[in-house]
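Since the structure comes first, as structure tokens, the remarks are kept for the end.
The chains referred to below are lettered A, B, ... by the order of the sequence lines, with proteins before strands, and numbering in each begins at 1.
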Protein chains: 2
Amino acid sequence: MNIEEIARRSGVSRSTVSYALSGKRRVSEVTRRRIQAVIDELGYRPNATARALKEGRTRTLGLVIPPASQRLTDMQLGFVASVVDAAARADLDVLLSPSGGEHDRSFERMVGGKRVDGVILMEIRLEDDRVAHLRHTRLPFVGIGRTSRPDEMSWVDVDYEMLISRCVTHLADLGHRNVALVNRSAELVAAGYGPGHRALAGFTRTVAERELYGVQTCCADDAQSGVTCVERLLREHPDLTAIATINEAALPGMYRALDQAGLSVPRDFSLIGVAARHWAENLHPPLTAADVPADELGARAVDLLLQHIADPDTPHRHHLVSPPISLRGTTAVARPR
Amino acid sequence: MNIEEIARRSGVSRSTVSYALSGKRRVSEVTRRRIQAVIDELGYRPNATARALKEGRTRTLGLVIPPASQRLTDMQLGFVASVVDAAARADLDVLLSPSGGEHDRSFERMVGGKRVDGVILMEIRLEDDRVAHLRHTRLPFVGIGRTSRPDEMSWVDVDYEMLISRCVTHLADLGHRNVALVNRSAELVAAGYGPGHRALAGFTRTVAERELYGVQTCCADDAQSGVTCVERLLREHPDLTAIATINEAALPGMYRALDQAGLSVPRDFSLIGVAARHWAENLHPPLTAADVPADELGARAVDLLLQHIADPDTPHRHHLVSPPISLRGTTAVARPR
DNA sequence: TTGTATGCGTTATCAG
DNA sequence: CTGATAACGCATACAA
């Protein structure tokens, strides 16, 4: 059933039906009523595809997420949820593209096929082919995360460098002299994943400033890796009294390893990090952490994207958040092991 | 840039370009080469919207998820990931609709606007308006979950009744006589959420069969609620020695409450449940649980949906899984408190 | 082996 | 206030 059918049954032309629906030109009250009655009776809804073809826009946003195979972190899930939510508030749908590498089929379909009016890109690398590609196509897009050239695009991001710096400062203030950074996976960091690099930069800088002894290690994004990673750290660096981390997924394992090493948190060992609030609160004891406002970032990303869609010449804008550290149960004054 | 432009620049007609691309009729090698060269040079990709309008299908699957505001459980996230993955393998995209209630705008857009070739429905209630609506529109759909009339649709589901029954049996075998069921949220159960009702049925039945004392309670889907819920259970039912649950999100809080009550798991108190494997393994100690194979279910749902799309008259099919309980660290022989 | 013409369902312009 | 009609970009039946 299409607009033609409604028109016929209402005894009017297709254009009148269209205008009755859109309100873009006056339609007499009686015919409007008659049309509406037919529409209600048949349950007619305009075909979105035909409309998109005619209007040149799909009323759809693309969301590029990390490949589904690797489980999304709680923070990433928060981004997805808030993007979908914000889009729904603007009556827009969200098309998902699970694409990590550069020449991904679903990404290509979405962008090349003009399936969306704009794209939100997650898990951006310092050098990211997808960014180059999107810039070239002139399709509006916004990053949750940024490349090494911040001015080339609009983005929202978490200031990992600042946050890890604050974490180290907090540990130093508590008297910790030997601290470690547990980063994201080696693959991710090797691929130029921004947060990994920026966290390391913040760690290195602050360790130097406070004249601490610092060690950095990568760790795969899962609990088991968290266990082995912390076991190794404790073994190879017996003086360690604190860990800072940006690796949410490894945290449960890190807790477990500390527990099994007979170290009580925070009495014997301090733990601090950057994480989604729910994640931090759900750990036991709850993690002292900079709570990333995933909701706000996702909503902001959608806002920025909508601006670019409305006016492609909108200058690039950026939104860098550095939420304060919420003191919970996992940091305390240093105590030699 | 469109197919017309490619045709002009290649000195052929639009249809020849189209056929060169689709391979649906012979095109001489030379012209094919020439066309391909132009396409490569301009980076042309057929417009997906126009193609969808012409072909009458969108190459897109709709995935209806619980409203993003309420955080998805790990299991639900697993479903989403596996659906997206399976769809990508079939070169299909996934459109997300965060819709809980009946008259949701995004759901209506997706279904009424014919934006998708088929729908996968999550978090189905025993009586679900969306199911009725989809049946009425004759749009192919598959449930992850099922209504009270299993034969009215195709679905995949977890046999919560069976699984909770097995959990209770396991507890009874260990000598537990006073056990509790921690269900999903009261709102969800009141709304007729299937797993909540079926878990309760399995619990009630098995408690009776084994002549145990059983108590059931709802609990909101978050850690804090898990804490208060277990605190209350321990207070009001001092003889309780074990809990079975299907509430993933509450589990961290349940652990915490037991810990704070001075009860060591599993020595003083047993805990068992139904959960995604990663979730169970990440808890500390790892939860003895029936591991829901979210990946398999999501992939199966896509399979079923593709069959219905290919042939709308395919009879309804069902896939009910009841994975075995993985013994981990949280159940032991009953010890009176 | 290739070209022409039609229609998918809308919206919007032009005419009345 | 309303109707006829031309696009939107593509795929395909029909001609040649």
List the steps and the verdict of side chain to side chain donor-acceptor pair (under 3.5 Å) for B:S28 and B:T31.
CA-CA 6 Å; B:S28 81; B:T31 55; 2.9 Å; yes
Problem - Side-chain donor or acceptor of B:T16 paired with backbone N/O of B:V12 under 3.5 Å - result: no
Check whether A:Q76 reaches the backbone of A:T73 with its side chain - one donor and one acceptor, N or O, closer than 3.5 Å.
yes
Do you know the tightest heavy-atom contact between [X] and [Y]?
X	Y	result
A:T49	B:A52	CG2-CB, 3.6 Å
A:P150	A:H318	O-NE2, 3.1 Å
B:E123	B:P66	OE1-CG, 3.7 Å

So does [X] pair up with [Y], basic N to acidic O under 4.0 Å?
X	Y	answer
A:D93	A:R59	no
A:D104	A:R109	no
B:D117	B:R57	no
B:E127	B:R149	yes

In the 5' to 3' direction, the nucleotides of DNA chain C bounding the stretch that comes under 4.0 Å of a heavy atom in chain A are C:dG9 to C:dC14
Stem list, DNA chain D (Watson-Crick or G-U pairing under 3.5 Å, at least 3 consecutive pairs):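 Stems (3+ consecutive pairs) listed as C:1-16 with D:1-16.
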Under a 4.0 Å heavy-atom criterion, the protein footprint on nucleotides 9-16 of chain D, written with B, S and -, is BBBBBB--
Using a 4.0 Å heavy-atom cut-off, does A:G113 contact any base of the nucleic acid, only the sugar-phosphate backbone, or nothing at all?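 No contact.
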Output yes when at least one side-chain N/O atom of A:S28 is less than 4.0 Å from OP1 or OP2 of D:dT2, else no.
-> yes
